Amino acid sequence: MDFRVGLGYDVHRLCEGRKLIMGGVEIPFEKGLLGHSDADVLIHAIMDAITGACKLGDIGRLFPDDDPEYEGADSRILLRRVVDLMHKKGFVIVNIDGCIVAQRPKMKDYIPEMEKNIAGDVNTDVERINIKATTEEGLGFTGSGEGIAAQAVVMVKKEELHCENL
């Protein structure tokens, strides 16, 4: 069986006048993330982890930030496009482990909905999705409240063809 692992990372600056979207969930906060799309760093990290595991390049090549088509794009829609590409290469998700790095706001109350969104978007059971959040104890750009980062690790496996699938 062919198993592969991909690693994804994304970061965006916090700014006023934008919604804060994380894992497809709008989180009430006085600032949002600045970006060409909705700037959902968690979904972006997951997409990059999938593209890495499946040798699909990266999301910057797939969805360039200078392309007007992706201005204000819903990252969940982009994630579904990445999953379609993954399926075309014959892979399925084994599991996703993601970590949000933010001093504020606290994410724990929103994590179950994030996990549900992501599971639906990648066509897998919510038990295969684990999202957590941490702070950097006031250190660095996330600790000072300048931005939010996210990391993700994804394991995929090549789907085996069975006679009934032919």
Side-chain angles (χ1 to χ4, degrees), residues 6-54 56-86 93 95-136 138-154:
L7 173 67
Y9 175 81
D10 196 39
V11 60
H12 284 273
R13 178 181 300 279
L14 282 163
C15 68
E16 294 183 9
R18 297 268 303 193
K19 292 179 182 180
L20 179 58
I21 310 293
M22 194 68 52
V25 178
E26 186 174 334
I27 298 173
F29 194 56
E30 66 267 12
K31 294 180 179 180
L33 292 170
L34 182 63
H36 187 63
S37 67
D38 63 9
D40 186 330
V41 293
L42 178 59
I43 298 287
H44 293 183
I46 290 168
M47 286 191 293
D48 260 343
I50 293 170
T51 60
C54 299
L56 294 167
D58 61 58
I59 63 172
R61 271 195 286 176
L62 294 173
F63 313 113
D65 65 4
D66 57 357
D67 187 332
E69 178 184 351
Y70 305 115
E71 187 172 350
D74 180 334
S75 293
R76 291 184 66 199
I77 292 171
L78 302 180
L79 174 58
R80 289 181 213 129
R81 289 185 189 176
V82 168
V83 169
D84 287 343
L85 294 171
M86 175 189 75
I93 296 291
N95 74 300
I96 296 173
D97 187 30
C99 184
I100 303 162
V101 183
Q103 197 65 36
R104 294 183 45 241
K106 296 296 182 193
M107 303 283 171
K108 69 178 179 156
D109 293 339
Y110 305 100
I111 287 175
E113 188 177 354
M114 291 178 204
E115 291 175 339
K116 184 179 174 188
N117 287 345
I118 293 162
D121 292 339
V122 302
N123 303 312
T124 197
D125 188 273
V126 73
E127 289 300 312
R128 295 178 180 267
I129 310 298
N130 186 65
I131 304 301
K132 52 200 174 288
T134 190
T135 70
E136 289 190 313
L139 300 172
F141 67 90
T142 61
S144 68
E146 293 176 66
I148 295 178
Q151 295 182 10
V153 176
V154 173

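None of the values given here were measured: they were computed from a predicted structure. Positions are given from 1 along the sequence.
Minimum interatomic distance between L34 and H12 (heavy atoms only, all atoms of both residues): O-ND1, 2.7 Å. Looking at every heavy atom in both residues, S37 comes nearest to A73 through CB-O, 3.5 Å. Scanning both residues, G8 and A49, for their nearest heavy atoms gives N-CB, 3.6 Å. Contact detail for D38 and D74: the closest heavy-atom pair is OD2-CA, 3.5 Å. Residues H36 and P64 come closest through the heavy atom pair CD2-O, 4.1 Å. The shortest heavy-atom contact between V41 and I148 is CG1-O, 3.7 Å.
If you take CE on M86 and CG on L79, they are separated by 9.0 Å, rounding to the nearest 0.5 Å. Distance check, rounded to the nearest 0.5 Å: CG of L62 to OG1 of T51 gives 6.5 Å. Here CZ of R128 is found 10.5 Å from CD1 of I96. Values are rounded to the nearest 0.5 Å.
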Show me the donor-acceptor pairs within less than 3.5 Å that the side chains of residues 100-114 make with the rest of the protein, sequence neighbours left out.
residue	atom	partner	partner atom	Å
Q103	OE1	G138	N	3.0
R104	NH1	E30	OE2	3.4
R104	NH2	E30	OE2	3.1

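Contact check for V25 versus N117: side-chain heavy atoms found under the 4.5 Å cut-off. Annotation: side chain of V122 is in contact with side chain of I129 (closest heavy-atom distance under 4.5 Å). Residues L78 and I59 are not in side-chain contact: their nearest non-hydrogen atoms beyond the backbone lie 4.5 Å or more apart. Residues R13 and E146 have side chains in contact (heavy-atom distance under 4.5 Å, counting atoms from C-beta outward). Under the 4.5 Å side-chain criterion, counting only non-hydrogen atoms from C-beta, I43 is not in contact with I21. Counting heavy atoms from C-beta outward, N130 and E115 have side chains that approach closer than 4.5 Å. Contact annotation: the side chain of K132 approaches that of D97 to within less than 4.5 Å [non-hydrogen atoms, C-beta and beyond]. Looking at L42 and I46, their side chains come closer than 4.5 Å, going by heavy atoms from C-beta outward.
Applying the side-chain hydrogen bond (donor to acceptor under 3.5 Å, both in side chains) criterion to T142, with sequence neighbours excluded, gives E136. R81 pairs by the side-chain hydrogen bond (donor to acceptor under 3.5 Å, both in side chains) definition with nothing, not counting sequence neighbours. Taking T134 as the reference, nothing meets the side-chain hydrogen bond (donor to acceptor under 3.5 Å, both in side chains) condition, with sequence neighbours excluded. Partners of N123 under the side-chain hydrogen bond (donor to acceptor under 3.5 Å, both in side chains) rule, at least two apart in sequence or in another chain, do not exist in this structure.
Checked by atom type and distance alone, the side chain of Q151 never pairs as donor or acceptor with a backbone atom of L7 at under 3.5 Å. With hydrogens and angles ignored, the 3.5 Å screen pairs a side-chain donor or acceptor of D40 with a backbone N or O of G24.
Screening residues 56-71 for side chain to side chain donor-acceptor pair (under 3.5 Å), with sequence neighbours left out, gives no hits.
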Q: Start with the C-alpha distance between D10 and M47, add both sets of side-chain angles, then the distance that settles side-chain contact (heavy atoms from CB on, under 4.5 Å), and finish with yes or no.
A: CA-CA 10 Å; D10 196 39; M47 286 191 293; over 6 Å; no
